[in-house]
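As structure tokens, the structure follows; a few thoughts come after it.
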Amino acid sequence: MNELPPRFIFNDIEPNWCSLWENTNIFHGSANPAKKPYSIVIPPPNVTGILHMGHALNNTLQDIIIRYKRMQGHETCWMPGTDHAGIATQNVVERQLAQEGKTRYDIGREEMLARLWKWKEEYGGTIINQLKKLGSSCDWARTRFTMDDDYSDAVKEVFVRLYEKGLIYRGRYIINWCPRCQTALSDEEAEHREQQGALYYIRYPLKNDAGQYVIVATTRPETMLGDTAVAVHPEDPRYQHLIGQTITLPIIKRDIPVVADAFVDPAFGTGAVKVTPAHDPNDFEIGTRHKLAFVNIMHADAVLNEAAGDFSGLDRFEAREAIIETLKELKLLEKVEPHTHAVGHCYRCHTVVEPYLSQQWFVKMKPLAEPAVQAVREGKIKFTPERWTKVYLNWMENIRDWCISRQIWWGHRIPVWYCQDCEEGQNIIVSKTTPASCPRCQSSRLIQDEDVLDTWFSSWLWPFATFGWPRQGETTDDQINEVNNDLSFFYPTKALFTASEIIFFWVARMIMAGLEFMGEIPFSDVYIHGTVRDAQGRKMSKSLGNAIDPLEIIKEYGADALRFSLIINSGQDLYISKEKFEIGRNFANKIWNACRLVLLNIPPEKRDPEFFQTLEKEQMDLPSRWILSRFYTTLSHVSQAIETYRFSEAENLIYEFFWKNYCDWYLEINKANFNNAGISSIIFFILEQSIHLIHPFMPFVTEEIWDQIKRNPKPLSVQAWPGHGPQWEDQKAEDDMQLLIDLITDIRNVRAQWRIKPQQEIDCFLSSQDETQTALLQDNASLLKTSLKIRNLQIAESLPKNEGNSTGVVKNVTFAIPLGNIIDVHEEQLRLQKQHAEIEKLILNLTKRLQNDSFIQKAPADVVEKEKNRLQELENKQQDIKKLLASLG
RNA sequence: GGGCGCAUAGCUCAGCCGGUUAGAGUGCUGCCCUCACAUGGCAGAGGUCGAAGGUUCGAGUCCUUCUGUGCCCACCA
């Protein structure tokens, strides 16, 4: 045991535990009717992902609770895996291609998919390995990918079922289009950011009234090339005469009508709106209502097309400039006002998205949302913190249809075929497998839809597709049976941990899918943790260069340090700088060194954590009764905190107990008492139990210590959580010990004040009017003597005459330290006077309160009682201080 | 434009149901390299709990308004 180093060498130790845990498969869970299930599913990181602080926080939280539940004897399963991340992954491989000077169209779909899979095989495991380094106790053997064969099967099954139910439809609508990725995006995938733009006021001349014009205002003047009407509010008095008139659209010279539509807000701009049905969602509505023409002026890459006349070939932003110039020349630009507005950006490549008219597949959301709203309203699913409930409900109640088709190649291809020999609109075949012929006309000229599904259309099945759905019940072979058991055993899962940004993308949709396909909620608790930011409050990002790499922290401070530090700061959003991780590093080191002290002083044959339990509690000394009480109250508070998802509080309790109680007091007091069988039994017991308590938070250092202790061949990860010990909880012991601690602290203060050398011994007189207190002091005389380096300790009814004593009062105990001529009487007086004044103030306030009839009548009796006792105590103390002052002369 | 947070020691934050003298970490000051740990020990200084009202016997804690700050949602072109 002598080779235990004085530092916790995490770099050597952590990888060993990672591989041992994984190789022994101890985190594997399977249907086990003898135990209660506890399951969570990981929010699958993108295969393109590399571990950032958000992942580290998210996964540490999950690991804490799953380790805790595992130790409590649940059959646990933490399902790991990755998400194929359609657009993100395709972008990565497209960038590789670009270096070869190629695009995906150059190499074709098949070759591109081959490259994508190759990339996935090569790099897709990166983040999983990084999660392992964190200590995540996932059921690694189960690791799933959202494009695994059976997972794809689930996705197709879902598409077919929804289609057959009439909840999936195809249609031409305005969607968010990313001109760079050249695909449709859902509303959630368009991130709106405030931007400084301009509002352009343009004159639109009336056709039959030379010189007259209407002024319209727009932020995107280039879209005027696609205008097919001008709209005004039907009751706007300014424009009554215009309704039904014709306008000649400048530049393009198209005749367009003025229509009346209640959508128009008369207060905004000029109250007249240009209508571009093919390039704006509202205009699309107006266009539909008034049967206007839909003129698309852009190619898929946002370059203007032939419909733009002279401007065709220009990019949309170039066209904007050109149009403005032209309008100026034509004297049709009335004015330009600065205008800030929210502009949508692609959440993957940050290009400004274009509202674009195209044919896409949609999911009708209202019918799915209703039960999902219900489940949350009825409290079947609870959000923590609770306030996110409202955010969820608000979104769900205003939910819009979900555009699920993407014009990319990496993903689940839409299971739809079009018959070339059937009429448009009647030619759709939806099928899980490739159909041989058209069921209507038997033609075999079928073409599969080119598009793939939104990545989230597979992610939303994660809680049950990962457990084998939908093969459940389809066959009876043994392997499938096991799958079936897993699904019914582990579904629904218990808790979901994620960040607030993901509520709409994923959480809400999983709830809908769970209810729709499993008939049951996917999880009962949703824990929303804070965002990790840098010290200035900015989001951590690679482009800002302010990111702290969790892997760097693991290398420098250890995974335990990373985990502990993140969690202790996780009460709200986290503002992280490197120094924040020192607390975890220092604590891990402290635990390690406490272990060294204990192991170096108690040889293996003498390690007996059961021995003390054969002793009568009354025979134990105060510090022992105190530390046992502290341990068991801490244990129950920590358990409670974890159960209610108050993780930072749990860590605070542990930190306080282990460091401040166990190390600073119990071990310090008993350093010389290792040969006492009772004491060393307790020292060992508390150490051993503490590492159980700490293990979910800091698995590596505790596992290593457990290994050093060698009490049981199985890893600490699968040991039992400590049982409760109400018989050891002892408030009296805690109070008594606190008195001694306060007394010792005060006397040390005196030593420090008068510059008494640490090694110098002193004499000390103690006195108390209270018999039980006197007894307490006498019983613990040796503790006081060693803690304070006291040569002669005298406990008497009164203090000796003051001849150069420094004195003080703690509760009802007075003390005097004879120091002779080093005492400056004046300073000593000042110190006591200051104390006296403080107490005077307290007494005054308290007396006032106790004299208030309302307080006596209305406050609870125990509060009044407490206050009375406190007043009594303060008055005694004041008397004591007066005496001490008098003795100074 | 709506909605939601946050504001407590120099800094970062705890403070659950309103009830003793508001806590911790870090930083700062002083003393200690005492044979587990200087990533340590002991002791200390430091707060009118953002502002103003209100409810209450009693408010950091509940209510209202305001100020500052952060986030989310939204089809005012």
Side-chain angles (χ1 to χ4, degrees), chain A residues 4 6-8 174 192 199 216-220 223 231 263-265 267-270 272-276 280-285 339 341-342 355 385 387-388 390-391 394-395 398 500-501 503-504 531 533 535 537 557 561 568-569 571-577 579-580 582-601 640-641 644 646 648-649 652 655-656 660 663-664 667-668 671 744-746 748-753 755-759 838-839 841-842 845-846 849 852-860 862-864 866-867 869-871 873-874:
Chain A
L4 290 183
R7 283 272 180 281
F8 174 48
I174 298 272
H192 290 271
L199 196 53
V216 297
T218 180
T219 53
R220 295 185 297 154
T223 62
F263 164 78
V264 180
D265 175 4
F268 187 88
T270 60
V273 171
K274 59 190 276 305
V275 182
T276 324
D280 183 280
N282 301 309
D283 294 5
F284 178 85
E285 299 288 324
H339 182 69
H341 57 147
R387 66 191 142 89
W388 295 106
K390 249 172 114 176
V391 176
N394 184 49
W395 186 75
N398 299 297
S500 59
E501 304 96 271
I503 294 177
F504 307 140
T531 311
R533 298 166 190 287
Y557 296 109
I568 206 153
N569 285 298
Q572 51 174 59
D573 280 358
L574 299 88
Y575 296 83
I576 294 297
S577 58
E579 306 82 66
K580 290 255 168 120
E582 285 171 8
I583 186 173
R585 178 196 62 179
N586 296 355
F587 189 44
N589 193 243
K590 189 71 185 181
I591 297 168
W592 178 252
N593 276 294
C595 158
R596 281 187 76 212
L597 175 72
V598 173
L599 296 191
L600 293 172
N601 285 284
Q640 225 168 54
T644 51
R646 301 196 315 269
S648 59
E649 187 180 324
N652 269 311
Y655 188 88
E656 174 78 14
K660 303 296 153 184
C663 292
D664 285 353
L667 289 182
E668 285 300 333
K671 262 181 168 174
I744 290 168
T745 304
D746 258 38
R748 280 176 180 162
N749 185 6
V750 167
R751 289 187 64 121
Q753 191 192 339
R755 301 284 151 107
I756 314 277
K757 292 256 157 54
Q759 57 280 16
E838 270 167 30
I839 290 174
K841 220 160 72 184
L842 293 174
N845 283 340
L846 208 51
R849 197 178 315 170
N852 186 333
D853 287 343
S854 312
F855 173 72
I856 302 293
Q857 284 158 17
K858 292 184 184 172
D862 60 311
V863 172
V864 177
K866 254 193 205 165
E867 298 285 60
N869 290 338
R870 205 177 119 232
L871 181 63
E873 220 172 77
L874 286 169

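Residue numbers begin at 1 in each chain, while the letters A, B, ... track the order of the sequences.
Separating the NZ atom of A/Lys671 from the C1' atom of B/rC42 is a distance of 12 Å, rounded to the nearest angstrom. A/Arg751 places its CZ atom 12 Å from the C1' atom of B/rC32, with the value rounded to the nearest Å. Here the P atom of nucleotide B/rA36 and the CD atom of A/Glu668 are 9 Å apart, to the nearest Å. Between A/Ile591 atom CD1 and B/rA36 atom P there is a gap of 19 Å when expressed in whole angstrom units. In this structure, CZ of A/Phe587 is placed 15 Å from C1' of B/rG40, rounded to the nearest angstrom. Atom CD in A/Gln759 sits about 13 Å away from atom P in B/rC35, given to the nearest Å. Rounded to a whole Å, the CG atom of A/Leu597 is 9 Å from the P atom of B/rC37. Separating the CZ atom of A/Arg585 from the C1' atom of B/rA38 is a distance of 11 Å, rounded to the nearest angstrom.
Taking atom P on both nucleotides, B/rU39 is separated from B/rC33 by 16 Å, rounded to a whole Å. A gap of 10 Å separates the C1' atoms of B/rG3 and B/rA74, to the nearest Å. On the P atoms, B/rU61 is 10 Å away from B/rC49, given to the nearest whole Å. Between B/rG60 and B/rC16, the two C1' atoms lie 14 Å apart (nearest whole Å). On the C1' atoms, B/rC76 is 23 Å away from B/rC71, given to the nearest whole Å. Separating the C1' atom of B/rG46 from that of B/rG27 is a span of 11 Å, rounded to the nearest Å. Spacing of P atoms, B/rU55 relative to B/rG44, comes out at 41 Å, to the nearest Å. Atom P of B/rC17 sits at a distance of 14 Å from the matching atom of B/rG5, rounded to the whole Å.
When distances are taken from the side chain of A/Lys390 to each of B/rG3, B/rA36, B/rG44, the shortest belongs to B/rG3. Side-chain proximity of A/Lys590 to B/rU12, B/rA36, B/rA43: nearest is B/rA36.
Residues A/Arg751 and A/Lys757 approach most closely at NH2-O, 2.9 Å, considering heavy atoms. Between A/Ile174 and A/Pro355 the shortest heavy-atom distance is CG2-CB, 3.7 Å. Here the shortest heavy-atom pairing between A/Leu874 and A/Ile839 reads O-CG2, 3.9 Å.
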Set out, in order, the CA-CA distance, both residues' side-chain angles and the distance that settles salt bridge (Lys or Arg N to Asp or Glu O under 4.0 Å) for A/Glu838 and A/Lys841, then state yes or no. CA-CA 5 Å; A/Glu838 270 167 30; A/Lys841 220 160 72 184; over 6 Å; no
Test side-chain contact (heavy atoms from CB on, under 4.5 Å) on A/Thr531 and A/Glu501; report intermediate values, then the result. CA-CA 9 Å; A/Thr531 311; A/Glu501 304 96 271; 4.1 Å; yes
side-chain contact (heavy atoms from CB on, under 4.5 Å), that's the test. Do A/Leu4 and A/Leu599 meet it? Break it down for me. CA-CA 9 Å; A/Leu4 290 183; A/Leu599 296 191; 4.2 Å; yes
Please step through side-chain contact (heavy atoms from CB on, under 4.5 Å) for the pair A/Val863 and A/Phe855, ending with a clear verdict. CA-CA 10 Å; A/Val863 172; A/Phe855 173 72; 4.2 Å; yes
So which protein nitrogen or oxygen atoms get under 3.5 Å of nucleotides 5-8 of chain B's nitrogens or oxygens?
none

Between the protein and nucleotides 16-23 of chain B, list the N/O to N/O atom pairs that are separated by less than 3.5 angstrom.
from: B/rU20; atom 1: O3'; to: A/Arg870; atom 2: NH1; distance (Å): 3.0
from: B/rU20; atom 1: O3'; to: A/Arg870; atom 2: NH2; distance (Å): 2.8
from: B/rU20; atom 1: O2'; to: A/Arg870; atom 2: NE; distance (Å): 2.5
from: B/rU20; atom 1: O2'; to: A/Arg870; atom 2: NH2; distance (Å): 3.4
from: B/rU21; atom 1: OP1; to: A/Arg870; atom 2: NH1; distance (Å): 3.4
from: B/rU21; atom 1: OP1; to: A/Arg870; atom 2: NH2; distance (Å): 2.1

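A salt bridge is defined here as a Lys NZ or Arg NE, NH1 or NH2 lying under 4.0 Å from an Asp or Glu carboxylate O, and A/Glu873 with A/Arg870 fails to meet this definition.
Using a 4.0 Å heavy-atom criterion, one finds that A/Arg748 contacts the sugar-phosphate atoms exclusively. Residue A/Thr745 is in sugar-phosphate contact alone, with no base atom involved, counting any heavy-atom pair closer than 4.0 Å across all strands shown. In this structure, A/Asn589 reaches the bases: a heavy-atom distance under 4.0 Å links it to at least one base atom across the strands shown. Counting non-hydrogen atoms under 4.0 angstrom, A/Asp664 reaches the backbone sugars and phosphates but no base.
Here A/Leu574 contributes atom CG and A/Asn569 contributes atom CG; the two are 5.5 Å apart, rounded to the nearest 0.5 Å. Going from atom CG of A/Asp664 over to atom CD of A/Glu656 covers 9.5 Å, rounded to the nearest 0.5 Å. Atom NZ in A/Lys274 sits 7.0 Å away from atom CZ in A/Arg220 (nearest 0.5 Å). To the nearest 0.5 Å, atom CG of residue A/Asn586 and atom OH of residue A/Tyr557 are 9.0 Å apart. Taking CG of A/Leu597 as the start and NZ of A/Lys671 as the end, the distance is 6.5 Å to the nearest 0.5 Å. A/Asn845 contributes atom CG, which lies 11.0 Å from atom CG of A/Leu871 (distance to the nearest 0.5 angstrom).
At least one side-chain nitrogen or oxygen of A/Asn749 sits closer than 4.0 Å to the OP1 or OP2 atom of B/rG44. OP1 and OP2 of B/rC13 both lie 4.0 Å or more from every side-chain N or O belonging to A/Lys580.
A heavy-atom distance below 4.5 Å is not found between the side chains of A/Ile503 and A/Trp395. Two residues are said to be in side-chain contact when any heavy atoms from C-beta on lie closer than 4.5 Å; A/Phe587 and A/Ile568 fail this criterion. A heavy-atom distance below 4.5 Å is found between the side chains of A/Val864 and A/Ile856.
Distance alone, capped at 3.5 Å, places no donor-acceptor pair between the A/Arg533 side chain and the A/Ile576 backbone.
Taking the O4'-C1'-N9-C4 or O4'-C1'-N1-C2 dihedral as appropriate, B/rC31 has a value more than 90° from 0 and is therefore anti.
Map A/Asp573 and A/Lys757 each onto its nearest nucleotide of RNA chain B; the residue landing nearer the 5' end is A/Asp573.
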Report, as a single string ordered 5' to 3', how protein heavy atoms within less than 4.0 Å touch nucleotides 24-31 of chain B: B base, S sugar-phosphate only, - not at all. -S----S-
Just by protein heavy atoms under 4.0 Å, how would nucleotides 72-77 of chain B read 5' to 3' in B, S and -? -SBBBB
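With sequence neighbours left out, the side-chain contact (heavy atoms from CB on, under 4.5 Å) criterion links A/Asp265 to A/Ala267, A/Phe268.
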Would you write the dot-bracket representation of RNA chain B, where each base gets (, ), [, ], | or . depending on whether it forms a Watson-Crick or G-U pair under 3.5 Å and with which partner? (((((((..((((.....[...)))).(((((.......))))).....(((((..]....))))))))))))....
